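Below: the structure, in structure tokens.
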Amino acid sequence: MSRKPFVSLWVRGLALATLCALVAGVQAAPDPRAGRVVVKYWEKWNGFEADAMRAVVDDFNQSQNRIWVDYSSVSQIDRRLMLAIAGGVPPDIAGVWGLSIPVYSENNALTPLDKLAAEKGIGPDRYIPVFWDTCRHEGHLWGLPSTPTTLALVYNKKMFREAGLDPERPPRSIAELEAFNEKLLRRSPDGGIEAIGFLPEEPGWWNGLWGYWWGGEMLRDGKVNVGSPEIRSAYEWVQSYPERFGVRELLAFRDGFGNYASPQNPFFNGRVAMVLQGVWIHNFIQNYAPPDFEWGVAPFPSFDPARHPDVTLADCDMLVIPAGAKHPREAFEFIAYVNSPGPMEKLCLGQLKFSPLATSSPEFLARHPHPHLRAFSDLAWSPNARRYPVTSTWTAYQSEMRNAVSRIWSGNADAGTALATVEQRQQKNLDRAAARWTRMAPVLKKLWKDTSP
Amino acid sequence: MTGGERRDLATGLAFISPWIIGFLAFCAYPVASSVWFSFCDYSVLSPAVPIGAQNYIDLANDEVFWTALWNTLFFSAVAIPLGILVALALAILLNFDIPGRGVFRTIFFLPSLVPMVCLAVLWQWLLNGEVGLLNNVLNVPLEALNALLGTSLAAPNWLADARYAKWGLVFTVVWGVGNAVVIFLAGLQDVPRHLYESAEIDGAGFWQKTLHITLPVLSPVIYFNLVMGLIGSFQVFAVPYVMTGGGDGPERSLLFLATYLYQNAFDFWNMGYACAIGVILFLLILACTLVLRSLSERHVHYAGK
């Protein structure tokens, strides 16, 4: 056979096969969405967290024949959502962070859910109080929780044992934390740091909120409150790190750290013994820590544990209906479904988190593989479970706090100076946002009252 | 205008209409609306409220804006001349008739094919203070010096130290000069050989030929690279954004005008303020380009003139 007819035969065969496959595919799979209202759902998760939600979506789609939830993972959801809403083509449901509720609602980006929730009998008694509070802003309900977290002290028991500390007795106050820190510190012969007990900068995700463990508030009566003695004392503690351990030594030590989600995470490879982390840490330990990694969880020590015991930051992911969504009622059907006990537990089990609902079934607790689930979920009930500061300017405020810590950390500013800069800049920002809100509030409140579905 | 001319005009306009429509919709309209929004309090989702020049007054009093502006100017002032020098030097070297010239040219061009995000991640590791390749190399002579003089010199933590972060970024960006090298090489092919030959007869050496023949003939190409470099470095965003993990570096040392614009628009919901930064960035680039243009009349030689 010459080459040319062979190639042509091959091409034709391929075309025929493709056509057959297409026809068979079209015939074999009737569109499952036919005749249903299609609800678009954007979620920020990927990996196993996305899979857990996908399973719940599949259950919902099979449980009835009226609504089809079209689920997709979207990166940088904050920005895309903002632009999609502005462009008038938002999804019907979006998974956002709890801390975004003030800025989204004040900018008229969300649909108020008060009436829809009342129709379904969804109210505060269903939830752990701090999570219900996160859903509300300016007298309205803006979302319902998907999965929650709290922050706690997570520590490496093996490092405790090697340093002569009792692995079952984590520190209970900042003073104890620092005493442990000294014992866990290992220096190399040339004075460099090899291992340390604790570093506020590792991973440093809540650098703006250390004041919580001193009993401080980031906002008080509409004012930036970083000048208060509690917040100041917290950042003097942060300042003590470069002073005690050396700016250059700490920089060099931290530069040797790998990515969070890697075996080179300094907590997993035994360079930092204690970290402030959320309930998700279990999953990362399973994936990246050595097999013999032994760990414990306790409330993160506060400055004065007698006055402020069990301080934590509690936050939850949130399901919201963006303003201008085409099918708000159908969207809420799904949100309400996720917020019923069975599906919620399936989701939280899949994501290895605790449930934001006030009661968890015994089966959920028995089946849950997280060895320290209770430590995290108990903290959510603590009277000192705090939320992100409720202001539409928190992202800017937080970025300013990070910069303050960066200045303190490099030894270029003391805590007082750095916080004074934050106060001066962020108060201006807060005032500007307040002016915008004063202008918008009457219009928006009327709009929400008149048009809420 | 006669009927025929009018028809020709209509046909001409019809043919260039894809460009005209594209330009009006995706360039002129956004620019015009940015200028308008820069005079408004605007958060994208709530209606824009005109507030006069308030955004510009706030910018003038915003230390962070001045930091971003200073960082941008500093970076441009260092990265543009350095980039052009390196690119020109490489182009001249790669223009020598040596064996394997094609291979060398390819090697120097390759980095400019690396996507910006990969470039940033790669250099993040190269510049790492503890395990980075650059510091491993630097530490050898530094340790020798320390042993000799009893000093305690150490290579800096490039990206973690506010004093060095911008230099780290300059290295990263200069590494990707391949594009400019190729443009210079093309320019070098255009230098008439007979000029070199007559200079050689007059006894000119390599430096004299470079200074009096190559550079003047290349000046339009240098000018082009200068303008492109200027626009590029004033808009620097992706590489520092990735290198800092979406932040602005230690003590805002890697905060540039484009980063601050982005933060205000998409993180802080201050689109009006971001538009004002955009307008200032535009005016700044425009002014610099105009200055360069006026300089070019004296220093750039076009063969046709």
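Proteins get letters first, then strands, A, B, ... in listed order; numbering begins at 1 in each. Computed from a prediction, not measured in an experiment: that's the story for all the values here.
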Next item on the list: Just grab all the salt bridge (Lys or Arg N to Asp or Glu O under 4.0 Å) pairs involving residues 113-126 of chain B, residues at least two apart or on different chains.
Entry: none
Next item on the list: Using the six-membered ring of B:Tyr273, assess whether NZ or CZ of A:Arg432 lies under 6.0 Å from its centre and within 45 degrees of the ring axis.
Entry: yes
Next item on the list: Could you pull out the closest heavy-atom pair between A:Ala86 and B:Val44, with the gap in Å?
Entry: CB-CG1, 3.5 Å
Checklist line | Shortest non-hydrogen contact from A:Ser410 toward B:Glu251 | finding: OG-OE2, 2.6 Å
Next item on the list: Would you please test B:Asp161 and A:Arg248 for salt bridge (Lys or Arg N to Asp or Glu O under 4.0 Å) and show each step?
Entry: CA-CA 9 Å; B:Asp161 191 327; A:Arg248 202 147 129 177; over 6 Å; no
Check: So how far is it from B:Arg163 CZ to A:Asn412 CG, rounded to the nearest 0.5 Å?
Finding: 7.5 Å
Note to self: Distance check, rounded to the nearest 0.5 Å: A:Ser105 atom OG versus B:Leu45 atom CG?
What the structure shows: 11.5 Å
If you draw a 6.0 Å radius around [atom1] in [X], do more than 12 non-hydrogen atoms from other residues or ligands fall strictly inside?
X: B:Met116; atom1: CE; result: no
X: B:Tyr29; atom1: OH; result: no
X: B:Trp167; atom1: CH2; result: no
X: A:Lys449; atom1: NZ; result: no
X: B:Leu133; atom1: CG; result: no

At a 4.5 Å cut-off on heavy atoms, which part of [X] comes close to chain B: side chain, backbone, both, or neither?
X: A:Gln424; result: side chain
X: A:Gln76; result: side chain
X: A:Leu83; result: side chain
X: A:Asp78; result: neither
X: A:Arg402; result: neither

Name the option with the most non-hydrogen atom pairs under 4.5 Å to chain B; the candidates are [options].
options: A:Glu106, A:Lys428, A:Glu400; value: A:Glu400
options: A:Arg439, A:Met440, A:Arg407; value: A:Arg439
options: A:Ala109, A:Ala252, A:Ser399; value: A:Ala252

Notebook entry, point to check: Would B:Asn270 and A:Arg436 count as having a side-chain donor-acceptor pair, cut-off 3.5 Å?
Noted result: yes
Margin query: For a side chain to side chain contact (heavy atoms under 4.5 Å, CB included) check, start with the C-alpha distance between A:Met82 and B:Trp269, then their side-chain angles and the critical distance, and finish with the verdict.
Written below: CA-CA 9 Å; A:Met82 178 210 264; B:Trp269 297 65; 3.8 Å; yes
Next item on the list: Could you walk me through whether B:Phe268 and A:Trp394 pass ring pair (Phe, Tyr, Trp, His ring centres under 6.0 Å), step by step?
Entry: CA-CA 8 Å; B:Phe268 307 158; A:Trp394 175 242; over 10 Å; no
Heavy-atom distance under 4.5 Å to chain A: side chain of [X], backbone, both or neither?
X: B:Val49; result: side chain
X: B:Ala265; result: backbone
X: B:Glu63; result: both

Margin query: Any side-chain to backbone donor/acceptor pair from B:Asn128 onto A:Asp255? Under 3.5 Å, distance only.
Written below: yes
Next item on the list: In sequence, state the C-alpha distance, the side-chain angles, and the governing distance for A:Arg79 and B:Tyr262, and then conclude on side chain to side chain contact (heavy atoms under 4.5 Å, CB included).
Entry: CA-CA 11 Å; A:Arg79 277 136 212 172; B:Tyr262 181 81; 3.1 Å; yes
Note to self: Does any part of the side chain of A:Arg425, heavy atoms only, come nearer than 4.5 Å to the side chain of B:Asp62, both counted from C-beta?
What the structure shows: yes
Item checked: Sub-4.5 Å side-chain heavy-atom contact between A:Asn108 and B:Ser46 -> no
Item checked: Selection from B:Val131, B:Asn264, B:Asp41, B:Asp267 maximising heavy-atom pairs under 4.5 Å formed with chain A -> B:Asp41
Check: Going through the distances and angles, do A:Arg254 and B:Asn157 end up as a side chain to side chain contact (heavy atoms under 4.5 Å, CB included)?
Finding: CA-CA 10 Å; A:Arg254 291 197 61 228; B:Asn157 291 276; over 6 Å; no
Note to self: Is there a side chain to side chain contact (heavy atoms under 4.5 Å, CB included) between B:Gln263 and A:Thr395? Walk through the geometry before answering.
What the structure shows: CA-CA 9 Å; B:Gln263 285 183 344; A:Thr395 356; over 6 Å; no
